[in-house]
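Each residue takes its place number in the sequence, starting with 1.
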Amino acid sequence: MGARRTRPRFLLWAALAGLISGAVFLAAAELVALIAARSASPILAVGSFVIDIVPQPVKEFAITAFGAADKIVLLGSLGLAVAIASAIAGILQYLRPHLGVAALVLAGVLSGAAIVTRASAEALSFVPPLAGTIAGSVILIVLIRRLQGWREDVTSGEGAAKGVNRRGFLLTSAIAGASAVIAGVAARAVSAATSSVDAIRGALRIPEPRSRVTIPEGAELDVDGISSLYTPNDQFYRVDTALTVPTIDPATWRLVVDGMVDQRIELSFDDLIGRGLDEYSITLTCVSNEVGGNLVGSARWLGVPVRDILALAGVQSGADMVLSRSVDGYTASTPLASLTDEGTDAILAVAMNGEPLPLEHGFPVRMVVPGLYGYVSATKWLTELKVTTFARDEAYWTPRGYDAEAPIKFSSRVDTPKAGAPVPAGTVAIGGVAWAQTVGIDRVEVQIDDGDWQEATLSTAVNVDTWVQWFLEWEAEPGTHYVTVRAVNRDGEVQEQERAPIAPNGSSGWQRTLVTVTG
Ligand SMILES: Nc1nc2c(c(=O)[nH]1)N[C@H]1C(S)=C(S)[C@@H](COP(=O)(O)O)O[C@H]1N2
Ligand SMILES: [Mo]
């Protein structure tokens, strides 16, 4: 075999060496992160960075196409990109010594920059990417040296019999590769399992509220296929930019109220719940909810009015906005009036449907504001309320294509029959939910094909901030039929018919479903 013909094969081995060095880089960083700085995982930091910089239409597409799996898809793509880049680094190092190491150093610097600029950065956050860079580079240098030795053995014809370099390369590759996979996976698993916040949450006892929401007779209809009045926590939609769920110990949690206030204050979790909790029933809606979509859910929350907490600090005149901030750096801009008006139940919530907030839904404290889309009001893992002005401060989504202020557009949804699920002819219940937070639903109307609008039966409203259920009995005849639904709110306004996309301030339009009735 001549030197030229062996080359492609060695390039492949070099790519493998690169891949293994990349794996060692990540595994070493994860291991060191366990000790030095839990939040400083290069792959997660780069993932979070990508989430923050991807253009708004791409993000929208990801939420629509992958739903709750969007983060897994992101991590998978990132893993693939890292694998390709590592393989290239291996080939570079083989062709031009130092070039591959330079690529790893660059990866270390870039991921290090992503880590130390995150809101959750700690003093030692630079250590894990540094450790990864060193470990990855050492392995890359050793493996490529062995590989070059192997190639010389082959081309010179000497040593080939002994095969020292070949065996050395293969053995080092196998050991380094296997150790990296085992150590990397174990470090992640340990990190997840020992984030003791799960256990702390399990042991946390939230005091009984001073008041409970009265659920009136008839608040929940007995019709198959309609969303329940309250959405179980494990079925509640989740939307956020957090690649991994922030873990906050309530014992160390602090809420800072600052900005345009008479005095900056800091509250502990006990300070907050010690003020006394009340129960609130509020339907949350995401601006990304399409007509007929499921990014909306209802819960009973225990919380403290935001206005009471703001009053402790003393809001100064001239302020018109509260910028709420999450531990992960996320921010929302809420009009001051939506928080302070006596008529609105804007709260700092600590419990959801009878248990402490689930970690994914903002444990230990989040905001919930009736009538405003989640992105401008419902900050999870809350750490700061900054009293300010719209002129001075901007929230996370504002430079990313969404309005700074965004009241919920009232809407209605068909839950049953489901589009694409044929129903037998005869009496069919058409039903769903409708919401008009802060105003209330007056009625829901249904149109079959081009027929007259018929008024649906409503459940008894718990309050104006909670969705109502609705249904209409229909004598369905065989064939295909269009079912259209619209709501009328208690101000007498009819739901907007004209379709609008979710950006910049929420979708609108009447939901129209095609129902197949079998004979
Ligand atoms: N920290 C943080 N809070 C956040 C978000 C976020 O990305 N980060 N997303 C907001 C958006 S867009 C919505 S719709 C609601 C969703 O709350 P849920 O996930 O509990 O349903 O949370 C809001 N609070
Ligand atoms: Mo949202």
Side-chain angles (χ1 to χ4, degrees), residues 15-53 71-72 74-90 92-93 98-144 172-195 242-247 327-329:
L16 178 73
L19 206 59
I20 290 168
S21 312
V24 167
F25 179 118
L26 292 179
E30 293 294 340
L31 270 181
V32 172
L34 268 187
I35 311 154
R38 282 276 174 125
S39 64
S41 154
I43 194 100
L44 294 180
V46 171
S48 301
F49 177 74
V50 171
I51 289 179
D52 288 349
I53 60 152
K71 278 151 194 154
I72 293 167
L74 170 69
L75 281 179
S77 322
L78 209 57
L80 190 67
V82 168
I84 293 171
S86 311
I88 292 174
L92 287 178
Q93 180 75 7
H98 308 310
L99 216 52
V101 170
L104 285 189
V105 170
L106 184 67
V109 169
L110 292 181
S111 64
I115 290 172
V116 299
T117 54
R118 290 213 72 72
S120 50
E122 304 159 55
L124 293 181
S125 283
F126 71 94
V127 178
L130 183 65
T133 308
I134 294 171
S137 301
V138 167
I139 290 294
L140 187 62
I141 292 167
V142 168
L143 284 179
I144 295 296
T172 316
S173 294
I175 293 172
S179 325
V181 170
I182 293 169
V185 170
R188 268 280 112 216
V190 167
S191 178
T194 57
S195 98
L243 192 48
T244 51
V245 177
T247 48
V327 69
D328 66 357

List the atom of Ile20, the atom of Gly177, and the distance in Å for their closest heavy-atom pair. CG2-N, 3.7 Å
Rounded to the nearest 0.5 angstrom, the CG-CD1 distance for Asp328 and Ile51 is 9.5 Å
Reported CD1-to-CG distance for the pair Ile88 and Leu92, which is rounded to 0.5 angstrom: 7.5 Å
Nearest heavy-atom neighbours spanning Ala176 and Ile139: CB-CD1, 4.1 Å
Only residue of Val46, Leu26, Ile115 satisfying side chain to side chain contact (heavy atoms under 4.5 Å, CB included) with Pro129 is Ile115
Given 3.5 Å as the limit, does a donor-acceptor pair link the side chain of Ser48 with the main chain of Leu44, or not? yes
Heavy-atom nearest pair, Gly132 first then Ala28, reads CA-CB, 4.1 Å
Between Thr133 and Gly108, the two heavy atoms sitting closest are OG1-CA, 3.3 Å
Do Glu30 and Ser41 come close enough that some side-chain heavy atom pair is under 4.5 Å? yes
Within this structure, what is the CG-OG distance for the pair Leu106 and Ser111, rounded to the nearest 0.5 Å? 9.5 Å
Output the distance between atom CG (Leu140) and atom CG (Leu19), rounded to the nearest 0.5 Å. 11.5 Å
So which heavy atom on Ala131 is nearest to which on Val32, and how close? CB-CG2, 3.6 Å
Atom pair CG/CD1 of Leu78 and Ile43 - distance to nearest 0.5 Å: 4.5 Å
Would a 4.5 Å heavy-atom cut-off, applied to side chains only, mark Val127 and Ile35 as touching? no
From CD (Gln93) to CD1 (Ile141), nearest 0.5 Å: 6.0 Å
Between Leu243 and Leu75, is the side-chain contact (heavy atoms from CB on, under 4.5 Å) condition met? List the steps. CA-CA 9 Å; Leu243 192 48; Leu75 281 179; 3.9 Å; yes
